[in-house]
Enquirer: 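To start, I am sharing the structure in question, which I have written as structure tokens.
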Amino acid sequence: MTEAALLIGLNALWQIAALALLALGLAIVFGLLRILNMAHGEFVMLGAYAHLLTAQMGLPPAMALPVCIGFVGITALIAERLVVRHLYDRMFDSLLATWALSILMREAVELVWGRAFRNVPLPVGGVTPVGPVGYPTYRLLVIALIAVFFLALWLWYRRSLTGVRLRAMVSNPALARASGINTARLSAAAFVTGCLLAGLAGLILAPVLAIEPNMGLDALIRSFFALVVGGLGTLEGLGIGVAVVGGLQAGLSAAVSQTAGYLGVLILAILFLWRRPDGLYRRR
């Protein structure tokens, strides 16, 4: 394998892993609760800004994780209690409500930090040899951690009691309630967890992104495209979607340009919405 081909493959793997991390929170909220969370990207943004908040509070960099969990978790809990809880059976209304919430969150961040682009340092620097090329160590570490995390999540979802309750709630909410499952509490936990995962994605990817108030829009669009291509409601569909979308974007970006990569993903998503709205992987 040539150096150029290996580098393209590593970049494609990075794009897939990063997109999987970004899309997971939206997949949980949209796939399990049928809430199209238009504020998903803003929760990613809050996770990225947790780095700046940590520095402003005078805390060591290691405290960015608990700061992110507290910052994003409290915001998600307030949003669920005040807005989302009343809209679980109203998809269009939830879309409008969370869109308004996303605008509110962006304006609040602009008020506190302004519109300037910001960056945070890599927690792990240097490059690691991969065959004949060197690749950023931080990216390789993130790829490995995401692979392990998704495997653990899949096993938990398939074998745990909570996973069984979630699948029951998705399949038949009325029957799940009649069986004694507290679907309101489970739905709230799923929403907050989805938002927390979005925030953690922003925290982890912040060192390789430009941090600014509108950064969440790209995360939302790419995550939604991955769910459209792969299918809703399953980790398998999410995996297929991010592999297709991330691989296509990385390949076109390397062969043509970054703009061509975004355009190719957009065309693919439109074709799937038109011809195969259920995605490649359909829940049995």
Side-chain angles (χ1 to χ4, degrees), residues 20-54 57 63-91 93-113 149 153 156-157 162-163 165-166 169-170 182-206 209 211 213-224 227 232-233 235 238:
L21 189 61
L22 285 172
L24 179 59
L26 184 64
I28 290 175
V29 175
F30 193 16
L32 298 182
L33 306 179
R34 291 300 186 266
I35 294 288
L36 183 52
N37 184 15
M38 298 296 290
H40 171 77
E42 278 59 46
F43 283 106
V44 174
M45 172 197 66
L46 288 184
Y49 272 96
H51 275 287
L52 302 179
L53 182 60
T54 302
M57 294 171 65
M63 290 298 295
L65 178 60
V67 168
C68 174
I69 292 174
F71 189 29
V72 176
I74 292 173
T75 305
L77 185 60
I78 292 173
E80 198 279 334
R81 290 290 178 89
L82 297 182
V83 180
V84 178
R85 171 169 295 191
H86 311 287
L87 303 173
Y88 281 126
D89 296 324
R90 299 153 58 188
M91 182 179 292
D93 292 343
S94 68
L95 184 151
L96 294 178
T98 54
W99 176 63
L101 178 63
S102 71
I103 296 174
L104 196 63
M105 292 168 67
R106 280 200 306 273
E107 293 297 325
V109 168
E110 285 187 15
L111 184 64
V112 176
W113 284 285
F149 174 73
L153 181 64
W156 173 85
Y157 185 67
T162 304
R165 289 173 176 170
L166 282 170
M169 182 182 70
V170 173
N182 190 335
T183 56
R185 181 180 299 175
L186 201 59
S187 297
F191 179 80
V192 173
T193 299
C195 294
L196 274 174
L197 289 172
L200 290 174
L203 180 72
I204 293 171
L205 298 178
L209 298 174
I211 303 173
N214 293 306
M215 65 180 292
L217 181 60
D218 177 68
L220 172 66
I221 292 174
R222 293 173 61 209
S223 299
F224 179 71
L227 296 184
L232 295 176
L235 288 173
L238 174 63

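The model shown is predicted, which means the values in this text are computed figures rather than measured ones. Here, residue 1 is the first one in the sequence, and each next residue gets the next number.
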Enquirer: Roughly how far, to the nearest 0.5 Å, is the CG atom of N37 from the SG atom of C195?
Expert: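 CG of N37 is found 5.0 Å from SG of C195.
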Enquirer: Nearest 0.5 Å, what's the CG-CE distance between D218 and M45?
Expert: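 These two atoms lie 14.0 Å from each other.
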Enquirer: Should F224 and M38 be marked as a side-chain contact (heavy atoms from CB on, under 4.5 Å) after you check the CA-CA gap, both sets of side-chain angles, and the distance that decides it?
Expert: CA-CA 10 Å; F224 179 71; M38 298 296 290; over 6 Å; no
Enquirer: So L33 and M169, side-chain contact (heavy atoms from CB on, under 4.5 Å) or not? Walk me through it.
Expert: CA-CA 9 Å; L33 306 179; M169 182 182 70; 3.9 Å; yes
Enquirer: Flag the pair V44 / L22 as yes when at least one side-chain heavy-atom distance between them is below 4.5 Å, and no otherwise.
Expert: yes
Enquirer: What I'd like to find out is whether the side chain of L200 reaches to under 4.5 Å of the side chain of I69, using heavy atoms alone.
Expert: yes
Enquirer: Looking only at heavy atoms, what is the nearest atom pair of L26 and S223, with distance?
Expert: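 L26 and S223 have their closest heavy atoms at CD2-CB, 3.8 Å.
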Enquirer: Roughly how far, to the nearest 0.5 Å, is the OG1 atom of T54 from the CZ atom of F71?
Expert: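 Here the interatomic distance stands at 10.0 Å.
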Enquirer: Using every non-hydrogen atom in the two residues, find where I28 and A190 come nearest and quote the distance to one decimal.
Expert: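 Taking I28 first and A190 second, the nearest heavy atoms are CG2-O, 3.6 Å.
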Enquirer: Could you tell me which non-hydrogen atom of A50 sits nearest to which non-hydrogen atom of A64, and how far apart they are?
Expert: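 Between these two residues, the closest heavy atoms are CB-O, 4.3 Å.
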Enquirer: Which heavy atom in L101 sits nearest to a heavy atom in A79, and how many Å separate them?
Expert: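 Looking at all heavy atoms of both residues, the closest pair is CD2-CB, 3.7 Å.
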Enquirer: Where do V29 and H40 land on the side-chain contact (heavy atoms from CB on, under 4.5 Å) test, with the steps shown first?
Expert: CA-CA 9 Å; V29 175; H40 171 77; over 6 Å; no
Enquirer: Tell me if the CH2 atom of W99 is crowded by more than 12 foreign heavy atoms within 6.0 Å.
Expert: no
Enquirer: Hey, what do you get for NE2 (H51) to CE (M63), rounding to the nearest 0.5 Å?
Expert: 13.0 Å
Enquirer: I want to check something: taking the side chain as every heavy atom from C-beta on, are R34 and Y88 in contact at a cut-off of under 4.5 Å?
Expert: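 Side-chain contact under 4.5 Å: no.
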Enquirer: Do W113 and I211 come close enough that some side-chain heavy atom pair is under 4.5 Å?
Expert: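 They are not in side-chain contact.
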Enquirer: Please tell me if the side chains of F149 and L24 come closer than 4.5 Å, counting only heavy atoms from C-beta onward.
Expert: yes
Enquirer: For F30 and I35, what are the C-alpha separation, side-chain angles and deciding distance, and is it a side-chain contact (heavy atoms from CB on, under 4.5 Å)?
Expert: CA-CA 5 Å; F30 193 16; I35 294 288; over 6 Å; no
Enquirer: Quick one: CG on L203 to CG on L21, what's the gap to the nearest 0.5 Å?
Expert: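 The CG atom of L203 sits 10.0 Å away from the CG atom of L21.
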Enquirer: Just verifying a value: how many Å separate L32 CG and F191 CZ, rounded to the nearest 0.5 Å?
Expert: 13.0 Å
Enquirer: Is there side-chain contact between T162 and L186, with heavy atoms separated by less than 4.5 Å?
Expert: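 Yes, side chains in contact.
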Enquirer: Under 3.5 Å, is there a donor-acceptor pair between the side chain of S187 and the main chain of A184?
Expert: no
